[in-house]
Structures are given as structure tokens and as C-alpha cells.
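Single-structure report; data block below.
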Amino acid sequence: MSSARTDTERHLRALELPVVAAAEALVGCTMTHGATSGVIVEAEAYHEHEPACHAFAGLTDRTWPLFAAPGIAYVYRSYGIHALLNVVVEPEDVGAAVLIRALEPLTGEDLMRARRGRDRATELCSGPGKLTQALGIELDLNATSLLDGPIRLGPPPPERPLPRVVAGGRIGITRAVELPWRFCAAGSRHVSRPWPAGLLAS
DNA sequence: CATGGGATTGACT
DNA sequence: GTCAATCCCATGC
């Protein structure tokens with residue numbers, strides 16, 4: 001695929017892929033809620049067969065959206081404080097999702113600044129808890145469709161080259177840390193953390 | 001039913 | 001670098 005051409009179906013194709021490929025393919029796509037939107041610059045894959053995934057515990061009151069059809073949001077409370085946004089993928093009855101970890105702000109930056117109480121563009125959406133705050137996403141949007149809204153997953157912005165993607169270990173987990181299931185837009189200043197030296201080119 | 005910990009962030013030393 | 005905030009859920013007694 002040419003990196004100089006965007007693709008209006010990329011987000012839809014990503015929803016049909018296995019979760020690791022989906023996480024990589026979603027980098028460069030857009031996420032929109034109301035007037036705010038951004039380009040995904042960091043995402044991580046989670047799958048029920050590995051212990052860092054909530055779905056590892058099986059089907060529960062908390063995890064059921066992970067086992068639902070691809071294209072819905074899994075939004076959960078982290079550390080009692082933050083709402084974290086995932087894109088559910090893989091067929092129904094398979095628990096898998098892509099955690100959206102960082103966005104490059106595209107529209108509604110001033111509203112993001114007001115919600116976040118921060119000015120610099122790189123402080124608005126550079127973390128999974130930050131971007132939900134910037135976009136106004138809370139737990140009431142759990143299990144809603146990412147194709148019909150209110151939150152919308154969309155294709156990469158037209159006329160923008162797709163980013164090169166680098167892979168590395170996932171952040172903030174204690175189990176299955178060896179899996180290189182974190183994907184970042186190479187060179188982006190909007191990621192949650194700079195990638196370590198060991199990151200592999202994709 | 002009590003408890004421990006977490007896919008985080010921001011403030012502070 | 002350290003640490004508290006804060007709450008839902010899974011686990012174990």
C-alpha cells in the first residue's frame with residue numbers, strides 16, 4: 001500500500017483484521033466525538049488469550065462488550081479516575097480490542113484545552129486517559145457503535161500521508177510485557193511516551 | 001463480605 | 001525519580 005495515498009476504507013478494513021494487525025492499521029485513522037477529533041498515533045492490541053487483557057477473565061459484567069461484534073467501543077474506568085477507550089475487533093464471542101492510547105489533535109483544539117486545562121497541543125491527547133478527557137468520552141459511551149456514533153471511527157484525513165508505524169512492548173502492564181503489541185506513528189510528538197531504543201520498524 | 005490491585009495522570013522531591 | 005487520588009472488579013475467605 002502506498003504511504004502517499006490515504007484510504008477511505010482503512011478503518012473498516014481494520015475492524016475485520018486480527019487484533020494485532022488491527023491495532024497497527026488503526027494508526028493514522030481518525031476518532032471523532034462532537035466537535036473534537038484527532039488522528040490515532042498510538043494503539044495497543046489486547047486479546048483474551050493473554051493475561052493483560054480484561055477478557056482473559058472471561059465473560060463478566062465488565063468484559064462483555066469485548067466479546068461483542070467488531071466496531072463497538074469498550075470504555076472502562078482505570079485507576080478509579082480515567083475512562084479508557086478501546087475499539088472492539090475480531091468476531092463475536094472472541095474477546096479482543098485495540099486500546100487507543102494517543103491522538104494528534106485535528107479539530108476542536110480549544111475545546112480540548114478547556115476540558116484538559118492545558119495549552120500545549122502535545123498535552124491534550126498524549127495518553128489514554130487524556131484523550132478521553134479531551135474528547136469528552138465517559139463511561140456512558142461503553143458498548144456504543146463506533147460507526148454510527150456518538151464516537152466515530154473514521155478513515156485517515158484525506159491528502160495526508162499515512163504514517164510509518166513502529167512497534168514495541170505495551171505500556172503500564174505487568175503481565176505479557178514481552179509482546180510487541182504497541183504501535184506508534186513514527187516520529188509523532190503526540191504519543192504518550194517516546195518509544196525506547198528497542199522498538200522495531202514495521 | 002473484605003481486600004488488593006490496576007491498560008493513569010499530575011504534582012511534587 | 002516518588003507518590004496519592006479514587007473506584008470498579010476479581011479473587012479469596
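In the text below, chain A, chain B and the rest are named by the order of the sequence lines, each starting its count at 1.
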Does a nitrogen or oxygen in the side chain of [X] sit under 4.0 Å from OP1 or OP2 of [N]?
| X | N | value |
| --- | --- | --- |
| A:R116 | B:dT9 | no |
| A:T60 | C:dA10 | yes |
| A:H54 | B:dA7 | yes |
| A:R77 | B:dA7 | no |

Figure out the [atom1]/[atom2] separation between [X] and [N], and round it to whole Å.
| X | N | atom1 | atom2 | value |
| --- | --- | --- | --- | --- |
| A:R120 | B:dG10 | CZ | C1' | 14 Å |
| A:H47 | B:dA7 | NE2 | C1' | 16 Å |
| A:L84 | C:dC9 | CG | P | 14 Å |
| A:R101 | B:dT8 | CZ | C1' | 8 Å |
| A:E48 | B:dA7 | CD | P | 17 Å |
| A:F56 | B:dG6 | CZ | C1' | 16 Å |
| A:R193 | C:dG1 | CZ | P | 10 Å |
| A:D61 | C:dT11 | CG | P | 13 Å |

Next on the checklist: Do A:R62 and A:Y74 form a cation-pi contact, if we require the NZ or CZ to be under 6.0 Å from the six-membered ring centre and within 45 degrees of the ring's axis?
Outcome noted: no
Next on the checklist: So is the aromatic ring of A:Y46 stacked onto the base of B:dA7, judging by whether the centres are under 5.5 Å apart and the planes are under 30° apart?
Outcome noted: yes
What nucleotide, of [options], holds the atom closest to the side chain of [X]?
| X | options | answer |
| --- | --- | --- |
| A:I81 | C:dA10, B:dA7, C:dT6 | C:dT6 |
| A:R118 | B:dG6, B:dG10, C:dC9 | B:dG10 |
| A:K130 | B:dG10, C:dC9, B:dT8 | B:dG10 |
| A:P128 | B:dG6, B:dA7, B:dT9 | B:dT9 |

Next on the checklist: For a quick test of reading the model, state the closest non-hydrogen atom pair linking A:I173 to A:A52 and the distance between them.
Outcome noted: CD1-CB, 4.0 Å
Under 4.0 Å, counting only non-hydrogen atoms across every strand here, what does [X] touch: a base, just sugar-phosphate, or nothing?
| X | value |
| --- | --- |
| A:R170 | nothing |
| A:T174 | sugar-phosphate |
| A:I173 | sugar-phosphate |
| A:N86 | base |

Item to check | Nucleotide forming a Watson-Crick or wobble pair with C:dG1, both distances under 3.5 Å | outcome: B:dC12
Item to check | Complementary nucleotide of B:dA7, counting Watson-Crick and G-U pairs under 3.5 Å | outcome: none
Item to check | Between B:dA7 and C:dG1 - C1' atom distance, rounded Å | outcome: 23 Å
Checklist entry - Nearest nucleotide by nearest heavy atom, which residue falls closer to the 5' end of DNA chain C, A:L139 or A:H82? => result A:H82
Item to check | Pair A:H54 and A:Y76, ring centroids less than 6.0 Å apart | outcome: yes
Item to check | side chain to side chain contact (heavy atoms under 4.5 Å, CB included), paired with A:E42, selected from A:S126, A:C125, A:C184 | outcome: A:C184
Checklist entry - Are the side chains of A:M31 and A:L85 in touch, meaning some heavy atoms are under 4.5 Å apart? => result yes
Item to check | Any donor-acceptor N or O pair under 3.5 Å, side chains A:Q133, A:R115 | outcome: no
